[in-house]
Number of protein chains: 2
Amino acid sequence: MTRSEENYLKAIFHLGGSATASVATNAIAEEMETKPSSVTDMAKKLAEKGLVNYVKYQGVSLTEVGIQTALAIIRKHRLWEVFLVKKLDFSWDEVHEVAEQLEHIKSEKLIDKIDELLDYPKYDPHGDPIPTKNGEFQERDKQLLSELPIKSKGICVGVNDTSSTFLRFLDKHKIALGDAIEVVEKEDFDDSLFIKIGDRNLHISNQIATNLFVKKDG
Amino acid sequence: MTRSEENYLKAIFHLGGSATASVATNAIAEEMETKPSSVTDMAKKLAEKGLVNYVKYQGVSLTEVGIQTALAIIRKHRLWEVFLVKKLDFSWDEVHEVAEQLEHIKSEKLIDKIDELLDYPKYDPHGDPIPTKNGEFQERDKQLLSELPIKSKGICVGVNDTSSTFLRFLDKHKIALGDAIEVVEKEDFDDSLFIKIGDRNLHISNQIATNLFVKKDG
DNA sequence: ACAAATTTTTAGATTTGTCTAAATTTAAAT
DNA sequence: ATTTAAATTTAGACAAATCTAAAAATTTGT
């Protein structure tokens with residue numbers, strides 16, 4: 001498995017390319033910041049290796065083996081992110097770039113030991129679930145903060161946008177995973193939200209509310 | 001800097017290619033398990049970048065920049081080895097392969113944090129010195145066990161051969177870095193040694209004695 | 001010092017992953 | 001149902017890193 005092949009599998013997975021749903025060449029090219037013709041080449045190569053299903057002009061989908069391979073890479077990426085934050089005091093907006101490199105280190109023992117050192121975390125610093133060694137992973141019960149009805153309460157469990165600008169925005173306004181959030185009022189005009197977080201009242205834009213995941217109370 | 005370029009610099013450094021001494025094409029090829037013609041190609045490329053001095057048919061030597069770059073890679077390699085042993089319970093014969101991958105991770109912050117986490121170790125698990133962030137490193141005061149005179153005592157401070165077969169041999173016979181060793185007698189016939197280590201008496205071959213470094217007492 | 005052996009370099013080919021530009025297929029629109 | 005637009009693939013090229021085989025330079029041995 002080359003690094004490039006691994007990155008393609010990861011991209012296809014993130015675009016929802018399960019065994020059933022297939023992903024367009026252009027979409028993969030955009031996700032990977034490469035050209036569609038390069039994607040076509042790689043699609044053939046991965047199909048050759050039995051990692052994807054590829055039919056000309058019909059897009060790409062992952063095979064069962066492809067899914068498991070993608071999950072193994074995502075597992076490594078997310079475990080390294082936890083490691084960087086918990087053990088090396090990286091902030092959550094700094095980890096992605098380094099984890100992109102670390103995820104390609106080939107050593108089963110290494111990642112299992114890191115998992116153990118971290119006491120088998122279930123979620124990464126952005127709230128995304130970490131697949132198990134067997135490739136199982138369950139999407140968390142969550143919804144966008146923007147979808148929460150007025151007066152209801154929730155716990156902040158994840159972010160949709162993981163860009164460092166957004167993450168630093170959250171840090172600045174002291175919004176962190178695990179915080180209790182109550183929707184006080186919605187502004188119809190611009191879909192902004194008045195929320196209560198801890199004992200503070202905040203007014204946040206719709207763009208913020210559509211990038212924060214919460215788990216509804218009760 | 002590509003991974004391949006980094007590996008060449010490391011190899012040249014290990015072969016003693018300082019600013020003054022130059023290293024033969026064939027020697028580099030052998031060290032890297034590649035062909036001399038490949039070395040010539042890379043020598044040109046590295047010279048182009050100002051990392052080595054290269055004169056046709058005269059071998060390769062590192063420039064000051066090349067030396068500092070090599071030291072940075074060696075620093076990363078050895079720090080990762082310490083991390084694997086101290087934090088993840090790898091044995092010293094398992095770390096090399098993984099460290100060969102980890103040494104190429106590009107993040108100054110990462111390696112500085114690892115250094116901090118390990119409390120700034122001076123030596124790696126095989127007793128080799130770890131260069132500082134500024135590229136300084138002092139070779140330890142050491143000699144081969146085989147060179148120690150009869151009746152003298154020393155502390156085991158390093159290994160010459162780092163192959164896993166040799167390291168596992170040492171584990172099996174409970175010889176570890178830090179152990180006190182006394183040379184009781186030498187056998188002229190085969191240059192084997194009778195040594196006292198702790199309260200045990202051992203008879204070791206010359207091949208073992210020429211691969212163990214000790215620091216002489218007093 | 002000169003032939004032989006060794007080392008090193010060159011020339012040309014290969015693989016991987018990428019690109020551009022042109023051709024083809026599929027999808028959309030009138 | 002055509003035409004137009006968009007997406008996708010092909011063909012050919014390129015850079016990086018490697019290889020083989022042959023040529024050139026250096027070193028060694030007598």
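Bear in mind the structure is a predicted one, so any value in this text is a computation, not a measurement. Side chains included, hydrogens not; waters and symmetry mates left out as well; all remaining heavy atoms used. Convention: sequence-line order gives letters A, B, ...; per-chain numbering from 1.
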Peer 1: Relative to the ring of A:H173, is the ring of A:F169 parallel (under 30°), tilted (30 to 60°) or perpendicular (over 60°)?
Peer 2: tilted

Peer 1: Could you give the CE-to-P distance, from A:M42 to C:dT16, as a whole number of Å?
Peer 2: 10 Å

Peer 1: Mind checking B:T25 for me? I need base, sugar-phosphate or nothing, with any heavy atom below 4.0 Å counting as a touch.
Peer 2: sugar-phosphate

Peer 1: If I take atom CG in residue A:D41 and atom C1' in nucleotide C:dT16, what distance separates them, rounded to the nearest angstrom?
Peer 2: 10 Å

Peer 1: Please determine if a side-chain N or O atom of A:Y8 lies less than 4.0 Å away from the OP1 or OP2 oxygen of C:dT16.
Peer 2: no

Peer 1: In terms of the angle between their ring planes, are B:W92 and B:H126 parallel, tilted or perpendicular, with boundaries placed at 30° and 60°?
Peer 2: parallel

Peer 1: Counting distance alone, no hydrogens or angles: does the base of C:dT20 have a donor or acceptor under 3.5 Å from a partner atom on the side chain of A:S37?
Peer 2: yes

Peer 1: What is the distance, rounded to the nearest whole Å, between atom NZ of B:K49 and atom C1' of D:dA16?
Peer 2: 10 Å

Peer 1: Closer than 4.0 angstrom, basic N to acidic O: yes or no for B:K216 and B:E147?
Peer 2: no

Peer 1: Rounded to the nearest 0.5 Å, what separates atom CG in B:L84 from atom CD in B:E97?
Peer 2: 11.0 Å

Peer 1: Looking at residues 28-36 of chain A, who's got a heavy atom less than 4.0 Å off DNA chain D?
Peer 2: A:P36

Peer 1: Judged by each residue's nearest nucleotide on DNA chain C, which is more toward the 5′ side, A:T2 or B:Q58?
Peer 2: B:Q58

Peer 1: Is any side-chain heavy atom of B:T69 less than 4.5 Å from a side-chain heavy atom of B:L62?
Peer 2: no

Peer 1: If you check every side-chain atom of B:S38, which of C:dT7, C:dT18, D:dC19 has the closest atom?
Peer 2: D:dC19

Peer 1: With a 6.0 Å cut-off (strictly less than), is the heavy-atom count around CG of A:N134, excluding the residue itself, greater than 12?
Peer 2: yes

Peer 1: Would you indicate, yes or no, if C:dT9 has its OP1 or OP2 atom less than 4.0 angstrom from a side-chain nitrogen or oxygen of B:K44?
Peer 2: no

Peer 1: Can B:K106 and B:E6 be counted as an ion pair, charged N to O under 4.0 angstrom?
Peer 2: yes

Peer 1: Please confirm whether the shortest side-chain N or O distance from A:S4 to OP1 or OP2 of C:dT16 is below 4.0 Å.
Peer 2: no

Peer 1: Less than 4.0 angstrom from a charged side-chain N to a carboxylate O is my criterion; do B:R75 and B:D112 meet it?
Peer 2: yes

Peer 1: Can you identify which nucleotide, out of D:dT8, C:dT9, C:dT7, has its nearest atom closest to the B:T40 side chain?
Peer 2: C:dT9

Peer 1: For A:K186, enumerate each residue passing the side-chain hydrogen bond (donor to acceptor under 3.5 Å, both in side chains) test, keeping only those at least two apart in sequence or located in another chain.
Peer 2: none

Peer 1: Please list, pair by pair, any protein nitrogen or oxygen found under 3.5 Å from a nitrogen or oxygen in nucleotides 23-25 of chain D.
Peer 2:
residue : atom : partner : partner atom : Å
D:dA25  : O4'  : B:Y57   : OH           : 3.3

Peer 1: With a 4.0 Å cutoff (strictly under), does any side-chain N or O of B:N26 reach OP1 or OP2 of C:dT6?
Peer 2: no

Peer 1: Heavy-atom nearest nucleotide on DNA chain C for A:K56 versus A:R3: which residue maps closer to 5'?
Peer 2: A:R3

